[in-house]
Amino acid sequence: MRRVSIVLACYNGEATLGETLDSLAAQKYDGPWEIVFANNGSTDSSVEIFKAAARRHPAVTMRLVDASAEQGKAFALNVGLRAAR
């Protein structure tokens, strides 16, 4: 069975991030999977929301990676993909 990595690039996504993470965590997959949160320099509460979701869903592997060295979704996704297991 393949391992699945969901890479979520984020810049100031507090308005929808909690719901998005809860929805992803509710998904069922029999194999190993993870959520990689690539923070693209958010200045809102996105990182705190992500950390709270990781605490609420301990059965789901959720990792935070810093993708703030360069602004943009493509950069953040590439950082997340490199961090994916």
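Computed over heavy atoms, backbone and side chain alike; hydrogens, waters and symmetry mates excluded.
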Quick check: closest heavy atoms across [X] and [Y], and the distance to 0.1 Å?
{"X": "Ala25", "Y": "Trp33", "result": "CA-CH2, 4.0 Å"}
{"X": "Leu77", "Y": "Ala9", "result": "CD2-CB, 3.8 Å"}
{"X": "Ala83", "Y": "Val65", "result": "CB-CG1, 3.5 Å"}
{"X": "Ala76", "Y": "Ala67", "result": "CA-CB, 3.7 Å"}
{"X": "Arg2", "Y": "Tyr29", "result": "O-OH, 2.6 Å"}
{"X": "Glu14", "Y": "Ser45", "result": "OE1-OG, 2.6 Å"}

Between Ile6 and Ile49, is there shared hydrophobic-cluster membership here, with clusters defined by ILVMFWY side-chain heavy atoms closer than 4.5 Å?
yes

Can Val36 be reached from Leu8 by stepping across I, L, V, M, F, W or Y side chains whose heavy atoms are under 4.5 Å apart?
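As far as the 4.5 Å side-chain criterion goes, Val36 and Leu8 are not connected within one cluster.
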
Within-4.5 Å side-chain heavy-atom neighbours: [X] and [Y]:
{"X": "Leu17", "Y": "Phe37", "value": "yes"}
{"X": "Gln71", "Y": "Tyr11", "value": "yes"}
{"X": "Val79", "Y": "Asp66", "value": "no"}
{"X": "Arg85", "Y": "Arg3", "value": "yes"}
{"X": "Thr43", "Y": "Asn12", "value": "yes"}

Just one of Val7, Leu64, Thr61, Leu21 clears the side chain to side chain contact (heavy atoms under 4.5 Å, CB included) bar with Ile35, so which one?
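Filter result, single survivor: Leu21.
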
Are there more than 12 heavy atoms of other residues, nucleotides or ligands under 6.0 Å from atom CD of Glu48?
yes

Would you say the side-chain atoms of Ser46 pair up with the backbone N or O of Ser42, donor to acceptor, closer than 3.5 Å?
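Not confirmed, Ser46 side chain does not pair with Ser42 backbone.
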
Rounded distance (nearest 0.5 Å) linking atom CE of Met62 with atom CZ of Arg56
8.0 Å

Do Ser68 and Asn40 pair up side chain to side chain, a donor and an acceptor below 3.5 Å, judged on atom types alone?
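Short answer, no.
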
